[in-house]
Amino acid sequence: MVDELAELSHRLHSWVLTEGFPLWWDKGAAPNGGGFYEALDASTTPDTITPLEYPRRARVQPRQIYCYISAQRLGWQGPWRRAVDHGVGFYEGNYRLEDGTYAALVDGSGKILKRNFNLYDQAFALFALSHMAQALPDQTEQFCAQAERLLDVLYARFHHCQGGFHESDPPTAPLGANPHMHLLEAALAWEETGLPPGPRFAQLADEIVDLCLTKFISSETGAVREDYDLNWQAYDSVLGRRIEPGHQFEWAWLLLRWSLRRDDPRILTIAQRLFSNASHFGVCRRRQVAIMALNDDFSPQDEVARLWAQTEWLKSALLLAHLTSGIARNAYRDQAISAGRSLERFLSGPVPGTWYDKIEPDDSFRAEASPASSFYHIVGAILELTRLSPSLAR
């Protein structure tokens with residue numbers, strides 16, 4: 001009898017080793033130490049790939065660094081260390097500012113185009129620094145010091161009196177749940193390193209989880225809304241009503257990871273409700289894909305499906321299956337298989353190693369370039385699938 005989850009794990013693992021990592025290093029890395037491109041366009045002819053010379057966002061560079069550090073962990077035999085050094089050199093040499101924060105945007109030559117502070121970008125800086133500190137032992141001390149300095153700046157200049165952080169100085173609305181979700185991801189990554197900054201980041205993780213439980217998750221619906229005013233109250237408007245199924249899955253996965261370190265019995269039920277809302281209301285039955293957004297009454301707000309939401313569906317289903325038993329375990333396992341199949345649809349780009357980012361409400365793929373930012377989501381899902389699928393074998 002074929003184990004569908006094991007087969008899915010094998011296919012995705014093979015895809016990233018033979019198609020994903022080789023292509024995004026060969027075509028996705030700019031020459032002469034120019035970091036990583038924002039996107040690859042394969043729409044001209046099936047065998048032609050054109051890197052797009054967009055300005056390079058701060059969030060893309062650390063994500064690609066993480067991907068190639070993970071390449072070595074997944075067993076890629078290609079030049080993962082060259083790829084990491086290539087990304088680190090461009091990122092650290094051009095984005096990091098005098099105060100320890102990271103600029104938002106540079107051009108291909110490394111010239112800063114936007115110096116403005118963006119909390120989301122700082123979260124990914126901290127996330128990448130945790131992986132860089134582990135993968136590059138000759139620079140571990142340096143990256144630990146940089147992470148602590150950045151954390152100091154966040155608390156000194158941007159800390160919110162009710163927990164979490166403002167997104168600008170002086171503070172402006174809206175405040176977002178999403179940057180805090182990625183700060184939690186970064187904090188857990190640092191805690192898991194066992195390196196000296198770990199205990200400080202454990203405290204940060206605790207603070208963000210408390211903020212999520214007390215402010216982000218609605219007591220009425222059990223869902224996380226996206227945007228808030230300066231007092232952490234959800235807007236009474238379309239902006240404040242937005243619920244993204246992909247983020248419900250992602251919060252569930254991160255809260256479960258936190259609970260495994262804290263042994264907090266509350267979290268499983270909370271994560272299960274987040275997952276249930278997202279899978280019941282946020283997965284289109286006709287297309288079998290997780291859609292972009294719901295209103296807070298769980299009616300559809302944006303029925304476009306993006307690749308990244310499928311990866312978070314997969315990760316959260318896998319971890320819930322791992323932490324449950326019996327009927328629940330089997331149901332989550334089936335959800336993981338459905339999410340993995342959905343992800344595979346997006347990975348059927350016109351050139352091996354490329355992907356589609358969006359499926360339209362009519363079930364057609366949107367014709368556009370493959371964004372590099374999706375690779376972090378894909379690699380993270382494959383890492384989780386590789387880690388957990390053996391324990392879920394039938």
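Values below: every heavy atom of this structure, side chains too, minus hydrogens, waters and symmetry copies.
- Proximity of Arg59 to Asn118: side-chain heavy atoms (C-beta onward) are separated by under 4.5 Å at one or more points.
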Exercise for review: List the steps, then state whether salt bridge (charged side-chain N to carboxylate O under 4.0 Å, His left out) holds for Asp334 with Arg329.
Suggested key: CA-CA 9 Å; Asp334 289 344; Arg329 177 190 177 98; over 6 Å; no
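- Separation of atoms CG (Leu119) and OG1 (Thr101) is listed at 11.5 Å; rounding is to 0.5 Å.
- Side-chain atoms of Gln61 and Tyr102 form no donor-acceptor pair, as typed in the model, at a separation below 3.5 Å.
- Taking the six-membered ring where the residue is Trp, His131 and Phe127 present perpendicular rings, their angle passing 60° and hence far from 30°.
- The aromatic ring centres of Phe249 and Phe275 sit less than 6.0 Å apart.
- Annotation: side chain of Ser279 is in contact with side chain of Gln335 (closest heavy-atom distance under 4.5 Å).
- In this pair, Tyr66 and Tyr376 present their aromatic rings perpendicular. The plane angle is above 60°, beyond the 30 to 60° band.
- Side chains of Leu23 and Ile49 form a contact here, defined as non-hydrogen atoms less than 4.5 Å apart.
- No side-chain N or O of Gln64 forms a donor-acceptor pair with one of Trp24 less than 3.5 Å apart.
- Counting heavy atoms from C-beta outward, Leu151 and Phe201 have side chains that approach closer than 4.5 Å.
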Exercise for review: Given side chain to side chain contact (heavy atoms under 4.5 Å, CB included), test Leu294 with Asn277 step by step and report yes or no.
Suggested key: CA-CA 10 Å; Leu294 305 167; Asn277 284 336; over 6 Å; no
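- Classification of the Phe365-Tyr356 ring pair by plane angle, with boundaries at 30° and 60°, yields parallel.
- The environment of Gln142 atom CD is dense: over 12 non-hydrogen atoms of other residues, nucleotides or ligands sit within 6.0 angstrom.
- Using bins of under 30°, 30° to 60° and over 60° for the plane-to-plane angle, the ring pair His160/Trp232 lands in the tilted bin.
- Glu226 and His247 are linked by a side-chain donor-acceptor pair at a separation below 3.5 angstrom, with hydrogens and angles left out of the test.
- Within 6.0 Å of CZ on Arg82 lie no more than 12 heavy atoms contributed by other residues, nucleotides or ligands.
- Residues Trp308 and Val379 are members of separate hydrophobic clusters, defined by side-chain heavy-atom contacts under 4.5 angstrom among Ile, Leu, Val, Met, Phe, Trp and Tyr.
- Between Glu191 and Arg262 there is a salt bridge, since a side-chain N of the basic residue sits under 4.0 Å from a carboxylate O of the acidic one.
- Separation of the Phe158 and His166 ring centroids does not fall under the 6.0 Å cut-off.
- For Tyr54 and Tyr37, the distance between ring centers is not under 6.0 angstrom.
- Salt-bridge formation is detected for the pair Arg366/Glu360: a Lys NZ or Arg NE/NH1/NH2 atom is positioned less than 4.0 Å from an Asp or Glu carboxylate oxygen.
- Atoms CH2 and OG, from Trp76 and Ser70 in turn, are 12.5 Å apart once rounded to the nearest 0.5 Å.
- Annotation for Pro62 and Ala128: closest pair CB-CB, 3.4 Å, computed over non-hydrogen atoms.
- A salt bridge links Arg115 to Glu98: one of the charged nitrogens lies within less than 4.0 Å of a carboxylate oxygen.
- Taking 4.0 Å as the cut-off between side-chain N and carboxylate O, Asp297 and Arg241 count as a salt-bridged pair.
- Looking at every heavy atom in both residues, Trp80 comes nearest to Ala71 through CB-CB, 4.3 Å.
- Glu344 and Gln310 are not linked by any side-chain donor-acceptor pair at a separation below 3.5 angstrom, with hydrogens and angles left out of the test.
- Between Arg387 and Glu384 a salt bridge is recorded (basic side-chain N to carboxylate O distance below 4.0 Å).
- Checked against His377 for a side-chain hydrogen bond (donor to acceptor under 3.5 Å, both in side chains), the options Arg306, Glu312, Glu250 give a single hit: Glu312.
- Proximity of a side-chain donor or acceptor of His180 to a complementary backbone N or O of Tyr120 within less than 3.5 Å is not detected.
- Going from atom OG of Ser218 over to atom CD1 of Ile243 covers 7.5 Å, rounded to the nearest 0.5 Å.
- Salt bridge status for Asp99 with Arg157: present, with a side-chain N to carboxylate O gap under 4.0 Å.
- Between Arg56 and Asp107, no side-chain nitrogen of the basic residue sits less than 4.0 Å from a carboxylate oxygen of the acidic one, so the salt-bridge criterion is not met.
- Here the closest non-hydrogen pair linking Ala123 and Pro179 is CB-O, 4.0 Å.
- Taking the charged nitrogens against the carboxylate oxygens, Arg287 and Asp362 have no contact shorter than 4.0 Å, which rules out a salt bridge.
- Listed here is the closest heavy atom pair of Arg333 and Leu392: NE-O, 2.6 Å.
- Between Glu4 and Arg394 there is no salt bridge, since none of the side-chain N atoms of the basic residue sits less than 4.0 Å from a carboxylate O of the acidic one.
- Taking CH2 of Trp190 as the reference point, atom CD of Gln134 lies at 8.0 Å (rounded to 0.5 Å).
- Although no hydrogens or angles enter the test, the distance criterion places no donor-acceptor pair under 3.5 Å between the side chain of Asn32 and the main chain of Gly34.
- For the residue pair Val60 and Ser373, the shortest heavy atom distance occurs at CG2-CB, 4.3 Å.
- Within 6.0 Å of the NZ atom in Lys358, the count of heavy atoms belonging to other residues, nucleotides or ligands exceeds 12.
- Taking the six-membered ring for Trp and the full ring otherwise, Phe36 and His86 have centroids separated by under 6.0 Å.
- A salt bridge links Asp363 with Arg345; the closest basic N to acidic carboxylate O contact falls under 4.0 Å.
- You'll find the side chain of Lys111 stays beyond 4.5 Å of the side chain of Val106, heavy atoms only.
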Exercise for review: Go through the steps to decide whether Asp121 and Arg57 satisfy the test salt bridge (charged side-chain N to carboxylate O under 4.0 Å, His left out), and finish with yes or no.
Suggested key: CA-CA 9 Å; Asp121 293 338; Arg57 294 175 295 166; over 6 Å; no
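- Remark: Lys315 NZ to Leu388 CG distance equals 11.5 Å, nearest 0.5 Å.
- With 3.5 Å as the limit, one finds no donor-acceptor pair spanning the side chains of His10 and Glu7.
- When all heavy atoms of Ala336 and Leu8 are compared, the closest pair comes out as O-CD2, 4.0 Å.
- Of the N and O atoms on the side chains of Gln301 and Asn295, at least one donor lies less than 3.5 Å from an acceptor on the other residue.
- Rounding to the nearest 0.5 Å places CZ of Phe124 at 10.0 Å from CG of Leu183.
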Exercise for review: Apply side chain to side chain donor-acceptor pair (under 3.5 Å) to Glu92 and Gln146, showing your working.
Suggested key: CA-CA 10 Å; Glu92 288 294 315; Gln146 286 177 210; 2.8 Å; yes
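- Annotation: Trp355 is not in aromatic contact with Phe346 [ring centroid separation under 6.0 Å not met].
- Looking at heavy atoms from C-beta onward, Leu175 lies out of side-chain contact with Asp229 at the 4.5 angstrom threshold.
- In this model, no donor atom of one side chain and acceptor atom of the other lie less than 3.5 Å apart for Trp258 and Asp264.
- The closest side-chain heavy-atom distance from Gln122 to Phe117 is below 4.5 Å.
- Linking ILVMFWY residues whenever their side-chain heavy atoms come closer than 4.5 Å, directly or via other members, places Ile382 and Val84 in the same cluster.
- There is a side-chain donor-acceptor pair under 3.5 Å between His159 and Glu207.
- Under the 4.5 Å side-chain criterion, counting only non-hydrogen atoms from C-beta, Phe375 is in contact with Val16.
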